[in-house]
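Below: one structure, written as structure tokens.
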Number of protein chains: 2
Amino acid sequence: MDNKLPECGVARFLELLEGPWATLIVRELLLGPKRFSELRQGLPGISPHTLTRRLRRFEEYGVVSRQVYAEVPPRVEYELTPLGLRLKPVLESMAEWSLSVPEPRSGVGAPQ
Amino acid sequence: MDNKLPECGVARFLELLEGPWATLIVRELLLGPKRFSELRQGLPGISPHTLTRRLRRFEEYGVVSRQVYAEVPPRVEYELTPLGLRLKPVLESMAEWSLSVPEPRSGVGAPQ
DNA sequence: CTGTATCCCCTGGGATACTG
DNA sequence: CAGTATCCCAGGGGATACAG
């Protein structure tokens, strides 16, 4: 999906948050550092397969750090980096906008 | 892709702007009303197939209006609705965030 | 506990060809 | 001009099974 499209920083943002789970994972991590299993609990229905891939991408982009503890049983904690924390206001503005959207097909009526 | 995920308005937003072209199309329309062919010119490489589907979704969500002029040759203009215009600050905050992202650090995890 | 490996489905997108 | 119709490929997700 990498492109030679017209330059637009927004594209990178959407790449990072692609898919319906990405933002939900970030939202979980905004509550604080979480272990893999804690994330699964907070995201009912997500498959480990999906969760892993999203977390890996977040690592690549530097929005999440992964801390492995050499314990038995193994423990891994994920935490938002400063860059990741800066996603918060952006997600909030997205959510705020979404609130003004009635429902697809249900008319254009802009409230207010 | 719709499911009974934890309620999160952000999901709807991402649904609307899914794919690499969506935001670019919005950006074009932020410059003012555009015809189908004008959009194609402003979005080098996009296929009519893709452009049409994105515009249809925008209509469904009420962020874009479609005005057909019964002329010869036919003319169709797309324009952001008030709701669509309100996307601007959101996209800007996304773009601003993106500027602070250096580059995806490939190599952190296993390739997908 | 923390993942990885498959297999399958769905949707976005490209390319091409073809109408109203 | 403004699309629609196919066909194909990629990546996201779900489900399940299995490994370190």
Side-chain angles (χ1 to χ4, degrees), chain A residues 1-6 11-12 14-26 33-61 64-79 104, chain B residues 1-6 11 14-26 28 33-61 64-79 104 106 108-112:
Chain A
M1 285 254 254
D2 264 345
N3 39 32
K4 49 298 174 205
L5 299 178
R12 196 170 306 161
L14 291 165
E15 203 175 292
L16 171 68
L17 298 180
E18 203 171 309
W21 285 110
T23 53
L24 297 171
I25 296 171
V26 173
K34 297 249 182 189
R35 307 178 52 166
F36 193 83
S37 54
E38 291 176 326
L39 286 170
R40 290 189 69 175
Q41 286 182 33
L43 301 164
I46 196 172
S47 62
H49 177 66
T50 296
L51 180 53
T52 297
R53 282 183 313 174
R54 288 313 110 222
L55 289 171
R56 292 291 178 274
R57 170 165 294 178
F58 290 161
E59 284 184 77
E60 289 178 20
Y61 279 73
V64 163
S65 63
R66 180 170 178 265
Q67 180 65 47
V68 183
Y69 296 90
E71 302 176 357
V72 178
R75 179 163 64 105
V76 178
E77 280 197 351
Y78 294 90
E79 183 175 10
Chain B
M1 282 233 272
D2 258 348
N3 32 31
K4 42 309 178 217
L5 297 180
L14 292 165
E15 204 175 291
L16 171 68
L17 296 180
E18 205 170 307
W21 285 110
T23 53
L24 298 171
I25 296 171
V26 173
E28 285 300 305
K34 297 250 180 186
R35 309 177 52 165
F36 193 83
S37 54
E38 291 175 325
L39 286 170
R40 290 189 69 176
Q41 286 181 34
L43 302 163
I46 196 171
S47 62
H49 177 67
T50 296
L51 180 54
T52 297
R53 281 183 314 173
R54 289 313 110 222
L55 289 170
R56 291 289 176 278
R57 169 165 296 176
F58 290 161
E59 283 185 78
E60 288 178 20
Y61 278 74
V64 162
S65 64
R66 180 170 178 267
Q67 179 66 48
V68 183
Y69 297 89
E71 302 176 355
V72 177
R75 178 162 63 104
V76 178
E77 279 198 350
Y78 294 91
E79 182 175 9
S106 308
V108 173
Q112 293 194 41

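Computed from a predicted structure; not experimentally measured. Every heavy atom of this structure was used, including side-chain atoms; hydrogens, water molecules and symmetry mates were not. Here is the naming used below: chain letters follow the sequence lines, and residue numbers restart at 1 for every chain.
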Is Arg75(B) paired with Glu77(B) through a side-chain N to carboxylate O contact shorter than 4.0 Å? yes
Would you state whether a donor and an acceptor, one from the side chain of Arg54(B) and one from the base of dG12(C), lie under 3.5 Å apart? no
CD1 on Ile46(B) to CG on Leu51(B), rounded to 0.5 Å: 4.5 Å
Nearest-Å distance, OH (Tyr69(A)) to C1' (dG3(C))? 18 Å
Could you check which of dC1(D), dG13(C), dG12(D) has an atom nearest any side-chain atom of Pro20(A)? dG12(D)
Nearest listed nucleotide, side chain of Arg53(A), among dG12(D), dG14(D), dG3(D): dG12(D)
Given side chains that start at C-beta, do those of Arg57(B) and Leu16(B) come closer than 4.5 Å, heavy atoms only? yes
Is it true that the side chains of Glu59(A) and Tyr78(A) contain a donor and an acceptor less than 3.5 Å apart? no
Can you measure from OG (Ser47(A)) to CH2 (Trp21(A)) and round to the nearest 0.5 angstrom? 8.5 Å
Nearest-nucleotide 5' precedence on DNA chain D, Gly45(A) against Phe36(B): Phe36(B)
For dA2(D), take OP1 and OP2 only and decide whether either is under 4.0 Å from a side-chain N or O of Arg35(B). yes
Could you give the CD-to-C1' distance, from Glu60(A) to dG11(D), as a whole number of Å? 14 Å
Which nucleotide sits closest to the side chain of Pro48(A): dG3(D), dA15(D), dT4(C)? dT4(C)
Nearest to the side chain of Arg57(A), which nucleotide is it out of dG20(C), dG11(D), dA15(C)? dG11(D)
OP1 or OP2 of dT2(C) sitting under 4.0 Å from any side-chain N/O of Arg40(A)? no
Taking only the side-chain heavy atoms of His49(B) (C-beta and beyond), determine which of dC1(C), dA5(D), dT6(C) contains the nearest atom. dA5(D)
Any base atoms under 4.0 Å from Tyr78(A), or only sugar-phosphate, or nothing? Heavy atoms, all strands. sugar-phosphate
Separation of Glu18(B) atom CD from dC10(C) atom P, in whole Å? 15 Å
In whole Å, what is the span from the CG atom of Leu55(B) to the C1' atom of dG13(C)? 14 Å
Give the nucleotide from the list dC1(C), dA2(D), dG13(C) with an atom nearest to the side chain of Arg75(B). dA2(D)
Which whole-number value in Å describes the distance from Leu14(A) CG to dG11(D) P? 17 Å
Gap between atoms CG and P, on Leu17(A) and dG11(D) respectively (whole Å): 18 Å
Short side-chain N/O contact to dG14(D) OP1/OP2 from Thr50(A), under 4.0 Å: yes
For Lys34(A) and dC1(C), give me the distance from atom NZ to atom P, rounded to whole Å. 15 Å
Here the distance between atom C1' of dA5(D) and atom CG of Leu51(B), to the nearest Å, is 16 Å
Testing dA2(D), dG3(C), dG3(D) for proximity to the side chain of Arg66(A), the answer is dG3(C)
Below 4.0 Å: OP1/OP2 of dA2(D) and any side-chain N or O of Ser37(B): yes
Nearest to the side chain of Pro74(B), which nucleotide is it out of dC1(C), dC1(D), dT4(D)? dC1(D)
Residues Arg35(A), Glu38(A): salt bridge by 4.0 Å N-O rule: no
